[in-house]
**Q** 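My questions all concern the structure below.
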Amino acid sequence: MNGPEIQLAIRAEVAGDEAAIFALTEAAFAEMPFSDGDEQELVNRLRADGDLTLSLVAEDAEDAGRIVGHIAISPVTISDGAQDWYGLGPVSVWPELHHRGIGSALIRRAIADMRELGANGIALLGSNVYYPRFGFKHYPQLTYPGPPSEYFQALLLDGEMPKGVLSYARGFNS
């Protein structure tokens with residue numbers, strides 16, 4: 001961790017958080033070389049489509065509840081018919097607050113909440129250095145066409161690992 005620890009309160013998104021989440025997500029992905037530049041719009045599309053299964057914000061408890069992080073979880077489909085699988089992302093943290101544990105706290109909370117909801121697994125497209133610390137890894141039998149396969153990872157929460165091609169919610173394709 002770099003910089004002083006931030007006292008976080010993690011909660012579900014509520015009405016009125018949309019603008020803060022939009023600005024945060026836009027800033028978080030502005031300088032990312034792998035970004036499509038529309039992650040903030042993606043969150044809005046998922047919300048509009050009713051596909052935000054879980055939308056958590058991290059607030060700085062010592063800064064009037066300023067939203068400093070956000071994570072989205074949405075449903076996915078898998079060609080083998082596996083049920084109760086979800087996609088993680090995007091995860092956003094204000095750039096000046098990176099490396100302070102905000103993203104990690106959001107990911108851990110999201111995994112715990114998805115376990116409680118009865119999810120069988122969570123998939124993501126992301127760093128194969130960062131996400132394994134949470135238990136994510138590449139499974140060759142679960143695929144997502146396009147990006148290099150080592151960046152497509154999953155976390156099995158219950159049952160067996162599916163075998164098939166994963167498709168994200170409609171908002172990812174707009």
Side-chain angles (χ1 to χ4, degrees), residues 1-32 34-76 84-137 151 153-158 168-169 171-172:
M1 254 188 250
N2 299 338
E5 187 172 321
I6 295 175
Q7 295 301 313
L8 295 176
I10 298 177
R11 63 169 175 80
E13 171 186 328
V14 296
D17 287 342
E18 299 88 352
I21 291 169
F22 186 95
L24 165 66
T25 307
E26 185 175 41
F29 285 90
E31 301 297 320
M32 297 288 182
F34 55 83
S35 169
D36 291 335
D38 76 338
E39 285 80 5
Q40 66 280 0
E41 296 293 345
L42 167 61
V43 174
N44 282 347
R45 290 190 302 266
L46 291 169
R47 187 182 297 113
D49 290 345
D51 283 336
L52 273 178
T53 303
L54 189 65
S55 181
L56 299 174
V57 296
E59 294 178 320
D60 182 343
E62 296 174 357
D63 188 5
R66 174 184 175 221
I67 293 176
V68 295
H70 176 257
I71 189 169
I73 303 273
S74 56
V76 299
D84 300 318
W85 272 78
Y86 297 86
L88 184 154
V91 179
S92 305
V93 173
W94 285 106
E96 69 273 15
L97 298 176
H98 282 188
H99 307 292
R100 298 218 190 151
I102 298 168
S104 294
L106 282 165
I107 292 165
R108 283 190 198 94
R109 170 69 182 274
I111 292 169
D113 286 2
M114 294 310 295
R115 279 187 200 280
E116 266 188 45
L117 289 173
N120 288 326
I122 304 169
L124 62 82
L125 188 61
S127 168
N128 59 357
V129 174
Y130 181 73
Y131 288 101
R133 72 184 75 180
F134 306 102
F136 288 89
K137 67 180 198 174
Y151 297 111
Q153 302 161 68
L155 175 64
L156 182 64
L157 300 175
D158 194 29
Y168 284 97
F172 280 84

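Only this structure's heavy atoms are used, side chains among them; waters, hydrogens and symmetry mates stay out.
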**Q** Considering residues at least two apart in sequence or located in another chain, which fulfil the salt bridge (Lys or Arg N to Asp or Glu O under 4.0 Å) criterion with Asp63?
**A** none
**Q** Taking the side chain as everything from C-beta on, heavy atoms only, tell me whether Trp94 gets closer than 4.5 Å to Ile67.
**A** no
**Q** Could I get the full list of salt bridge (Lys or Arg N to Asp or Glu O under 4.0 Å) partners for Glu39, not counting sequence neighbours?
**A**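 With sequence neighbours excluded, Glu39 shows a salt bridge (Lys or Arg N to Asp or Glu O under 4.0 Å) to no residue whatsoever.
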**Q** To the nearest 0.5 angstrom, please state how far the CD1 atom of Ile10 sits from the CD1 atom of Ile71.
**A**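 CD1 of Ile71 is found 9.0 Å from CD1 of Ile10.
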**Q** Check salt bridge (Lys or Arg N to Asp or Glu O under 4.0 Å) between Glu96 and all other residues, then give those that pass, not counting sequence neighbours.
**A** Arg66
**Q** When you check the gap from the basic side-chain N to the acidic O, do Arg100 and Asp60 get nearer than 4.0 Å?
**A** no
**Q** Determine whether His70 and Val43 satisfy the following criterion, side chain to side chain contact (heavy atoms under 4.5 Å, CB included), listing intermediate values before the conclusion.
**A** CA-CA 10 Å; His70 176 257; Val43 174; 4.0 Å; yes
**Q** Minimum heavy-atom separation for Leu52 and Ala72, please, with both atom names.
**A** CD2-CB, 3.6 Å
**Q** Quick one: CG on Leu8 to CG on Leu97, what's the gap to the nearest 0.5 Å?
**A**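 Nearest 0.5 Å value for the CG-CG distance: 9.5 Å.
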**Q** Kindly compute the distance separating CG (Leu56) from CG (Asp113), expressed to the nearest 0.5 Å.
**A**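 If I round to the nearest 0.5 Å, the distance is 5.5 Å.
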**Q** Just so I know, are the side chains of Arg11 and Asp17 near enough to count as touching, which here means a heavy-atom distance under 4.5 Å?
**A** yes
**Q** Do Leu157 and Trp85 come close enough that some side-chain heavy atom pair is under 4.5 Å?
**A** no
**Q** Using modelled atom types and a 3.5 Å cut-off, is there a donor and acceptor pairing between side-chain atoms of Glu26 and backbone atoms of Leu24?
**A** no
**Q** Could Asp49 and Arg45 be called an ion pair, given the rule that one side-chain N must be under 4.0 Å from one carboxylate O?
**A** no
**Q** Just list the side-chain donor-acceptor pairs under 3.5 Å for residues 126-137, sequence neighbours left out, or say none.
**A**
unit_1, atom_1, unit_2, atom_2, d
Ser127, OG, Val129, N, 3.1
Ser127, OG, Tyr130, N, 3.0
Tyr130, OH, Ser104, N, 3.4
Tyr130, OH, Ser104, OG, 3.3
Arg133, NE, Tyr130, O, 2.9

**Q** Pick out which of Phe172, Phe29, Tyr168 makes a side-chain contact (heavy atoms from CB on, under 4.5 Å) with Leu42.
**A**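 Result for side-chain contact (heavy atoms from CB on, under 4.5 Å) with Leu42: Phe172.
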**Q** So do Glu41 and Asn44 actually touch side chain to side chain, heavy atoms under 4.5 Å?
**A**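 In contact.
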**Q** Among residues at least two apart in sequence or on other chains, which ones pass salt bridge (Lys or Arg N to Asp or Glu O under 4.0 Å) with Asp51?
**A** none
**Q** Nearest heavy-atom pair of Ile102 and Val68: which atoms, and what distance?
**A**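 Scanning both residues, the minimum pair turns out to be CD1-CG2, 3.9 Å.
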**Q** A side-chain contact here means heavy atoms from C-beta on lying under 4.5 Å apart; do Tyr86 and Leu54 qualify?
**A** no
**Q** Can you name the residues that form a side-chain hydrogen bond (donor to acceptor under 3.5 Å, both in side chains) with Asn120, not counting sequence neighbours?
**A**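 By the side-chain hydrogen bond (donor to acceptor under 3.5 Å, both in side chains) rule, Asn120 matches no residue at all.
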